[in-house]
2 protein chains.
Amino acid sequence: MDTRSRHLLLELHGCDPKLLDDEQALGNAMREAAAAANVNVLHEVFHRYAPQGVTGLLVISESHFSIHTWPEAGYAAVDFYTCGQGAPERALEVVKRRLAPSRWESMTVGRGLSADRSMRVTHRQPCDVPDCSDPSCAMMRADV
Amino acid sequence: MDTRSRHLLLELHGCDPKLLDDEQALGNAMREAAAAANVNVLHEVFHRYAPQGVTGLLVISESHFSIHTWPEAGYAAVDFYTCGQGAPERALEVVKRRLAPSRWESMTVGRGLSADRSMRVTHRQPCDVPDCSDPSCAMMRADV
């Protein structure tokens, strides 16, 4: 089986704290994201922390999806890791729509490329334009 | 709770195919890695694919650990995602020792920094020296 995979890391800020503490709503969002990405969910485990916050992990045929939430900060960290024909970008759209962040960003890392090639940051959003003059974009590129 | 987290992405090439298909050995390695990283395992789920390959996900108090293996390629992809006082670098050392890759690399991403700061690639190994002349290192930096 082809080892090449895309691992999309997603940061969501300014989400509704109540939603980020709702295990069932988060589960629904992640399952809907999996369906949109055309991946096959094999197992899932959700855990609610005391006093708040949720972790959800989905084993999929194509690797994994994960979500971690900090309701008190309105922040969630989501990963879509897919080998094969999975489409993590579609999962991103679902989760953005469901969690409605005021600010978000993503980074996609190419993994499992081959023994003589390195991991590769292939895409950053919202801005990926080489000469973009947006200050937040410049900050983002300066970080890598 | 502090949202700041370190997410270490690890690629391992040239591992023993038998070991990469041994669910129990991989589970032991990941649990040992969790202990070394000083994180608390809450749940775990391991899945063996047909005809080969294993996915393992650990929910920890500090976020998650994951492993995906492709025995036929001698390749494994491992993630150590920790908030709080977890030490993903120690987990890396355990998994490297257990899986004995002929080549490996890692990238650490700073996440959950704050609403006005972006994800940050904070560290790449094996080489992180700005003016290093090693060709594989140059290739690695050219990718980001």
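For the pair B:Val109 and A:Leu9, the minimum side-chain heavy-atom distance is below 4.5 Å. Side-chain contact between B:Glu44 and A:Val45 is absent, with no heavy-atom pair separated by less than 4.5 Å. Proximity of A:Cys83 to B:Trp70: side-chain heavy atoms (C-beta onward) are separated by under 4.5 Å at one or more points. Residues A:His68 and B:Val59 fail the side-chain proximity criterion, which asks for heavy atoms closer than 4.5 Å. No side-chain heavy atom of B:His43 sits under 4.5 Å from any side-chain heavy atom of A:Leu57. At least one side-chain heavy atom of A:Arg111 sits under 4.5 Å from a side-chain heavy atom of B:Tyr75.
For the options B:Ser63, B:Gly14, B:Ser61, B:Pro51, heavy-atom pairs under 4.5 Å to chain A are most numerous at B:Ser63.
Residue A:Ala73 touches chain B through its side chain alone, counting heavy-atom pairs closer than 4.5 Å. Looking at A:Ser5, the atoms closer than 4.5 Å to chain B (heavy atoms on both sides) all sit in the side chain, from C-beta outward. With a threshold of 4.5 angstrom between heavy atoms, A:Thr55 approaches chain B through side-chain atoms but not through N, CA, C or O. Residue B:Thr3 touches chain A through both its backbone and its side chain, counting heavy-atom pairs closer than 4.5 Å.
Between B:His64 and A:His47, the ring centre distance reaches or exceeds 6.0 Å.
Listed for the B:Glu105 side chain is a donor-acceptor partner under 3.5 Å among the backbone atoms of A:Met119.
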